[in-house]
Novice: 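This structure is in structure tokens; I'll ask about it shortly.
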Protein chains: 2
Amino acid sequence: MESLLSSLKINVNTCLYIKDPESSELGQNIISKSIDLIEELGIENFNFKKLGSAIKSNESSIYRYFENKYKLLQYLSALYWGILEYRLVIETNAVEDSSKKLLKAIKVLTLTPQNIAYYSNLDQLKLRNIVISEFTKSYHHKHVDSDNDDGNFKIYKRLVLRLVEMIKDARPDYAYPKSLACQIVEGALQQYFMQRHFTSLVDSTDDKKVYDFFKDITINALKIQ
Amino acid sequence: MESLLSSLKINVNTCLYIKDPESSELGQNIISKSIDLIEELGIENFNFKKLGSAIKSNESSIYRYFENKYKLLQYLSALYWGILEYRLVIETNAVEDSSKKLLKAIKVLTLTPQNIAYYSNLDQLKLRNIVISEFTKSYHHKHVDSDNDDGNFKIYKRLVLRLVEMIKDARPDYAYPKSLACQIVEGALQQYFMQRHFTSLVDSTDDKKVYDFFKDITINALKIQ
DNA sequence: CAAATCTAATAGTAATACTTTCATTTAATG
DNA sequence: CATTAAATGAAAGTATTACTATTAGATTTG
């Protein structure tokens, strides 16, 4: 499975970049080093000048790949959701029972993954940290609708809709499949952020408890198993 | 109830401002006009210069009240959660049955309120729009921990913990009261944002459905009623 | 009235987010 | 191998923003 995935290219929406960063060594450096830097500094303190000197290249060269740092963040997010989508499809594909399939999906979506080189050589755990801390800011702004029209969140929405289908398969008459799917995917990020920064609002700092919580919610809401 | 609340002062953490904006007319103008402007422009496109000319005052005068626009956002958020906390307490206080009390609380926390002048003359619906669009950004950044230490999110956390107590009262052996409370409070904001900007991920654009969803989740998770 | 405080206006600083230009290096092709 | 095209690097330049400092006038308070 690893080798299968590492030979796949995740087709991020072309609106997200000016020049495909996978097409050159500089582009690949931009991606891998920006993951380090954004995780370390946060998107607000990160800029292309700092990234330029970190990869011994120039600010203006990076602008030839990405319009601005927020597009880069959306690109990185799309990459993350793309990787997660592949894992979701592959790990649930063989499961026949619809309830078991759904629970397996929730596992993939809520547990911290091993840092296997699924995709090129980027650090999946750092990428996940970026998504936990920064993804919400990639769409909470005034041009969210045009970004959406451009397709910048396509992979994310496709992933959520895959979960919606699994919920419907497990319980066709459930009234809120989309709300539940959103709450699982987005809520998992939220729970991990809370674990790190709002410990008084958290029942347990154990990763597995995030899964347990959403599993419990889902089983009871859908009345399965 | 209206008159009771309109005579109450919500004690926002003093770290959030330099000079109490309620102590002068200029300060009150800053608050009411910033609600209009932040709702209209979003926090990124909003700045103190624009606010200054909107209230026919000066940038530098506003800096005497707030350190920067993000502190102002945290102040406005605290105000919102403070108003919600009062409504929560008052509207659930008389309810004796713990399950009914909890469901009433969820109603207060998830439904769009009437724009009653609960608190001074600020526009509660606009304030709510700001919280839906901007609150997540008030703590998703690198200095969240020191802001938290300063007490900037105290009212928000107190509100969530009130809900936690109600969940525990309704079902003392439930394993995830804090996770559930967070998901209700934060998830409601998320659902409203989705209704507005990610319609393909939404079951219904009816406000009441947000309440129905969280009510259903809670009833089934806690096995009440 | 006098003292203290508050506010407005202006100017100024430092950082950021780009853009432009142009020289140089690298890669592609005949 | 030579020519051409494309990609990159270096440097300088622009516009905006976030904030500070200064000062003078207005307002409040004792």
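Hydrogens, waters and symmetry mates are skipped; everything else that's a heavy atom, side chains included, is used. Bear in mind the structure is a predicted one, so any value in this text is a computation, not a measurement. Chain letters run A, B, ... following the sequence lines, proteins first, then strands; residues in each count from 1.
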Novice: Rounded to whole angstroms, how far apart are CD1 on B/Ile30 and P on C/dC6?
Specialist: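 The distance from CD1 of B/Ile30 to P of C/dC6 comes to 13 Å, rounded to the nearest Å.
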Novice: Going by atom types alone, do B/Tyr65 and B/Ser24 pair a side-chain donor with an acceptor below 3.5 Å?
Specialist: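 The criterion, which ignores hydrogens and geometry beyond distance, is satisfied for B/Ser24 and B/Tyr65.
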Novice: Can you tell me if A/Asn129 and A/Arg196 form a side-chain donor-acceptor pair at under 3.5 Å?
Specialist: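 Per modelled atom types, A/Asn129 and A/Arg196 side chains form a pair under 3.5 Å.
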Novice: How close or far is atom P of D/dA6 from atom OH of A/Tyr65, stated in whole angstroms?
Specialist: 15 Å
Novice: Between D/dT8 atom C1' and A/Ile55 atom CD1, what is the distance in whole Å?
Specialist: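 To the nearest whole Å, that distance equals 11 Å.
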Novice: Are B/Ser57 and C/dT7 close enough that a side-chain N or O sits under 4.0 Å from OP1 or OP2?
Specialist: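 So the side-chain polar atoms of B/Ser57 never come under 4.0 Å of the phosphate oxygens OP1 or OP2 of C/dT7.
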Novice: Which of these nucleotides, D/dG9, D/dT8, C/dT7, is closest to any side-chain atom of B/Lys19?
Specialist: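 In terms of side-chain proximity for B/Lys19, the closest of D/dG9, D/dT8, C/dT7 is C/dT7.
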Novice: Atom CD1 of B/Ile30 and atom CD of B/Gln28: how far apart are they, to the nearest 0.5 Å?
Specialist: 10.5 Å
Novice: Round to the nearest Å and state the distance from A/Leu41 atom CG to C/dT16 atom P.
Specialist: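 In whole Å, C/dT16 P lies 11 Å from A/Leu41 CG.
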Novice: Not counting sequence neighbours, which residues clear side-chain contact (heavy atoms from CB on, under 4.5 Å) with B/Glu44? List them please.
Specialist: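 side-chain contact (heavy atoms from CB on, under 4.5 Å) list for B/Glu44, sorted by chain: A/His141, B/Glu134, B/Lys137.
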Novice: So, applying ring pair (Phe, Tyr, Trp, His ring centres under 6.0 Å) with A/Phe135, which one of A/Trp81, A/Tyr80, A/Tyr70 is it?
Specialist: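 The option that passes is A/Trp81.
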Novice: Between D/dA7 atom P and A/Asp20 atom CG, what is the distance in whole Å?
Specialist: 12 Å
Novice: Could you check how far CZ of A/Phe66 sits from P of C/dC18, rounded to whole Å?
Specialist: 14 Å
Novice: Rounded to the Å, how far apart are A/Ile62 CD1 and D/dA10 P?
Specialist: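 Checked: the CD1 to P distance equals 12 Å.
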Novice: Less than 6.0 angstrom separating the ring centers of A/His197 and B/Tyr139, yes or no?
Specialist: no
Novice: Reading nucleotides 17-30 of chain D from the 5' end, what letters show protein touch, with B for base, S for backbone sugar-phosphate only, - for no heavy atom under 4.0 Å?
Specialist: -SBBB---------
